[in-house]
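Note that the structure is a prediction, hence the values are computed from the model and not measured. Each chain gets a letter, A, B and so on, in the order its sequence line appears, and its residues count up from 1.
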Amino acid sequence: MIDPKIVKDNPNLLQDMLRNRKVDFPFTELLDLDRKRRELIIETQNLRHQKNTLAQSIANKKKNQESVDRELDEMKKVGEQMVSLENNSDAVEKRYSDLIYSIPNLLQQSVPIGDSEKDNVVIRTYNDFIKSKVKSDHVDLANSLGLIDLERAAKISGARFYFLKNELVLMNQALTNYALDFLVENGYQLIQPPYMLKNDAIKGSIIMDDFEDVIYKIENEDLYMIGTSEHAMASMHMDEILDSKDLPFRYGCISPCFRKEAGAHGKDMKGIFRVHQFEKVEQFVVTDSPNSSAEHERMLSITERFYQNLEIPFRIVLLSSADTGKVSSKTYDIEAWMPGQDKYREIASCSNCIDFQARRLRIRHRGKVNEETQLVHTLNSTLVATERTMVAILENYQTTNQSVIVPTVLRKYMGGMKEIKVK
RNA sequence: GCGGGGGUCGCCUAGCCUGGUAGGGCGUGGGAUUGCUAAUCCCAUGUUCGCAAGAACUCGUGGGUUCGAAUCCCACUCCCCGCGCCA
């Protein structure tokens with residue numbers, strides 16, 4: 001959620017942001033509601049003031065055993081006015097909060113203005129020279145090596161589910177273990193969060209529209225499956241005032257992720273690239289405003305180093321205004337070269353949400369007890385989403401005789417295995 | 001799941017039975033006093049609206065009763081203790 005004061009004080013800032021992001025948003029309605037709401041608040045407070053004053057004078061008069069008939073009479077009138085005002089303000093309040101919560105985050109200056117993902121800016125490219133000459137896609141490779149079963153998964157769970165088998169199960173664990181070790185080396189505190197969250201918590205870290213498109217709800221419970229550990233990590237410190245000197249918190253999180261992918265029908269239907277369930281090791285950082293950009297770059301460089309170590313071709317892309325996610329103020333994507341698709345595809349995403357999540361979750365920090373509190377900044381980055389990364393590994397490490405070489409850094413996590421061969 | 005106890009301002013705690021609009025302590029900031037430090041005393045110490053004066057809100061959450069609710073009633077929730085069930 002953005003700072004609601006901006007609506008009143010600097011609406012142009014919002015209008016620019018909305019234009020740059022190319023999103024439809026009932027902006028003038030929000031302006032009207034904001035003004036209306038303010039008026040109603042003042043009116044309501046005036047009535048409450050009358051009520052409080054009357055109640056006080058009733059108390060006083062009763063103490064002196066005077067008659068309170070006149071006050072009771074007036075109180076009745078005030079009560080009636082309050083009821084009719086409430087009916088009015090409930091509707092305004094509801095619509096206002098819907099809008100203020102669904103307006104996207106402000107963008108940072110350095111975000112390139114553009115119309116679509118075509119305007120994303122490639123910043124760095126790595127390992128271009130090792131692009132594979134053989135170009136089978138991961139589904140063919142994994143099938144012929146006996147590493148996945150998509151048909152049976154479809155039978156029992158539907159599209160976008162999978163069985164991992166044999167060496168791919170091991171590789172999945174290997175990637176996870178390597179990622180956790182890597183983060184510990186870099187000073188992260190390891191966390192495994194709850195996989196389900198209450199509405200209050202999860203709505204703090206995502207925007208309303210995403211509820212329907214990405215999040216699974218548990219029937220008859222106030223619980224939602226996390227779409228990423230970011231959702232749990234953002235809300236972990238909900239309603240807390242943190243000690244400034246303890247910041248930053250750098251968490252290395254492991255969790256499965258559950259996504260509806262409702263907005264992506266027909267897209268990436270092959271294999272395990274876009275699925276309803278996958279495992280991810282995630283970086284989540286809580287810091288203060290002055291340090292948030294530096295933390296963002298730091299997180300990106302750690303992620304870069306991870307993929308350099310895995311020795312796959314990839315590039316870093318700064319997302320344009322139109323492609324940047326709604327809760328983020330600036331996002332870098334890591335795109336791996338996928339020989340089977342003959343293009344770069346996103347395998348990790350590194351975002352600075354600044355105070356957008358913290359505001360809604362009321363996560364603040366301060367140096368001393370009666371200093372003014374400041375909202376924290378939250379940042380998140382994939383370290384590794386194992387299924388997508390395995391797509392990249394399978395396709396980039398394939399050989400001319402259908403086998404797949406195991407990346408060097410993963411071998412010690414797979415009992416020294418060097419190659420996955422046709423049986 | 002059952003029974004009992006509990007959730008009060010950054011932290012601790014009083015108030016709840018007997019309704020009148022949150023008191024104290026700690027910590028922190030400012031001030032006074034004092035050779036210095038310490039101690040002592042005074043003021044301040046949540047959120048929102050408002051240029052301000054001021055006002056409203058805030059006692060786990062949401063309803064209800066009442067002129068008036070931290071206080072009474074109902075539902076929910078979380079924590080602690082005991083019992084049950086259980087990987």
Any chance CZ of Arg152(A) has more than 12 other-residue heavy atoms, nucleotides or ligands included, within less than 6.0 Å?
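Check fails, neighbour count at 12 or below.
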Give a yes or no on whether Asp24(A) atom CG has more than 12 heavy-atom contacts from other residues, nucleotides or ligands under 6.0 Å away.
no
Please report the interatomic distance CE(Met233(A)) to OG1(Thr228(A)), rounded to the nearest 0.5 Å.
10.0 Å
Nucleotide nearest Lys198(A) (side chain, heavy atoms from C-beta), chosen from rC67(B), rG10(B), rU77(B)
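Closest nucleotide to the Lys198(A) side chain: rU77(B).
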Whole-Å distance separating the [atom1] atom of [X] from the [atom2] atom of [N]:
| X | N | atom1 | atom2 | result |
| --- | --- | --- | --- | --- |
| Asp222(A) | rG62(B) | CG | P | 14 Å |
| Asp200(A) | rC78(B) | CG | P | 12 Å |
| Leu197(A) | rC78(B) | CG | P | 14 Å |
| Ile100(A) | rU48(B) | CD1 | C1' | 15 Å |
| Asp34(A) | rG50(B) | CG | P | 9 Å |
| Ile41(A) | rU47(B) | CD1 | P | 17 Å |
| Ile241(A) | rU45(B) | CD1 | C1' | 12 Å |
| Asp239(A) | rU47(B) | CG | C1' | 12 Å |

Just N and O in the side chain of Arg38(A): are any of them under 4.0 Å from OP1 or OP2 of rG50(B)?
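Answer yes for this pair, as a side-chain N or O of Arg38(A) is under 4.0 Å from OP1 or OP2.
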Just N and O in the side chain of Lys76(A): are any of them under 4.0 Å from OP1 or OP2 of rG68(B)?
no
I'd like a table of atom pairs between the protein and nucleotides 18-20 of chain B - only N or O on both sides, under 3.5 Å - with the distance next to each one.
from: rG20(B); atom 1: N2; to: Ala55(A); atom 2: O; distance (Å): 3.2

Minimum heavy-atom distance Ile206(A)-His231(A), with the two atoms named
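Result for this residue pair: CG2-NE2, 2.9 Å.
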Residue pairs fulfilling salt bridge (Lys or Arg N to Asp or Glu O under 4.0 Å) with at least one residue in residues 95-117 of chain A, sequence neighbours excluded
Lys22(A)-Asp115(A), Glu29(A)-Arg95(A), Lys94(A)-Asp98(A)
Fit a plane to each ring of Phe249(A) and His237(A), take the angle between them on a 0 to 90° scale, and name the class: parallel (under 30°), tilted (30 to 60°) or perpendicular (over 60°).
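The arrangement is tilted - the two ring planes meet at 30° to 60°.
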How far, in whole Å, is [M] from [N] if one measures between their [atom1] atoms?
| N | M | atom1 | value |
| --- | --- | --- | --- |
| rU47(B) | rC11(B) | P | 13 Å |
| rA53(B) | rG46(B) | P | 16 Å |
| rG3(B) | rC41(B) | P | 50 Å |
| rG20(B) | rG25(B) | C1' | 26 Å |
| rU77(B) | rG60(B) | C1' | 7 Å |
| rU61(B) | rC79(B) | C1' | 15 Å |
| rC73(B) | rU18(B) | P | 10 Å |
| rU45(B) | rG24(B) | P | 12 Å |

Side chains of [X] and [Y]: donor-acceptor distance under 3.5 Å anywhere?
| X | Y | value |
| --- | --- | --- |
| Gln357(A) | Thr378(A) | yes |
| Asn172(A) | Glu279(A) | yes |
| Ser229(A) | Lys280(A) | no |

Note, RNA chain B 5' to 3' with Watson-Crick or G-U pairs under 3.5 Å encoded as ( ), [ ], | and . gives ((((((((.[[[[.)....(..]]]]((((((.......))))))((((....))))..[[[[[..)....]]]]])))))))....
Among pairs that include at least one residue of residues 253-286 of chain A, which meet ring pair (Phe, Tyr, Trp, His ring centres under 6.0 Å), considering only residues two or more places apart or in two chains?
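Counting only pairs at least two positions apart or across chains, the ring pair (Phe, Tyr, Trp, His ring centres under 6.0 Å) contacts touching residues 253-286 of chain A are Phe161(A)-His276(A).
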Contacts under 3.5 angstrom, residues 68-80 of chain A side chains, donor-acceptor by atom type, not counting sequence neighbours:
from: Arg70(A); atom 1: NH1; to: Glu74(A); atom 2: OE2; distance (Å): 2.8
from: Glu71(A); atom 1: OE2; to: Lys61(A); atom 2: NZ; distance (Å): 3.1

Are the aromatic rings of Tyr332(A) and His296(A) close, with centres under 6.0 Å apart?
yes
Can you check nucleotides 54-61 of chain B for protein contacts, nitrogen or oxygen pairs under 3.5 Å, and list what you find?
from: rA55(B); atom 1: O3'; to: His49(A); atom 2: ND1; distance (Å): 2.8
from: rA56(B); atom 1: OP1; to: His49(A); atom 2: ND1; distance (Å): 3.0
from: rA56(B); atom 1: OP1; to: Asn52(A); atom 2: ND2; distance (Å): 3.1
from: rA56(B); atom 1: O2'; to: Arg48(A); atom 2: NH1; distance (Å): 3.2
from: rC57(B); atom 1: OP2; to: Asn52(A); atom 2: ND2; distance (Å): 3.1

Answer yes when Asp222(A) and Lys198(A) have at least one side-chain N-carboxylate O distance shorter than 4.0 Å, and no when they do not.
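Lys198(A) and Asp222(A): not salt-bridged.
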Identify whether any heavy atom of Lys77(A) sits under 4.0 Å from a base atom; if not, whether one sits that close to sugar-phosphate; answer base, sugar-phosphate or nothing.
nothing
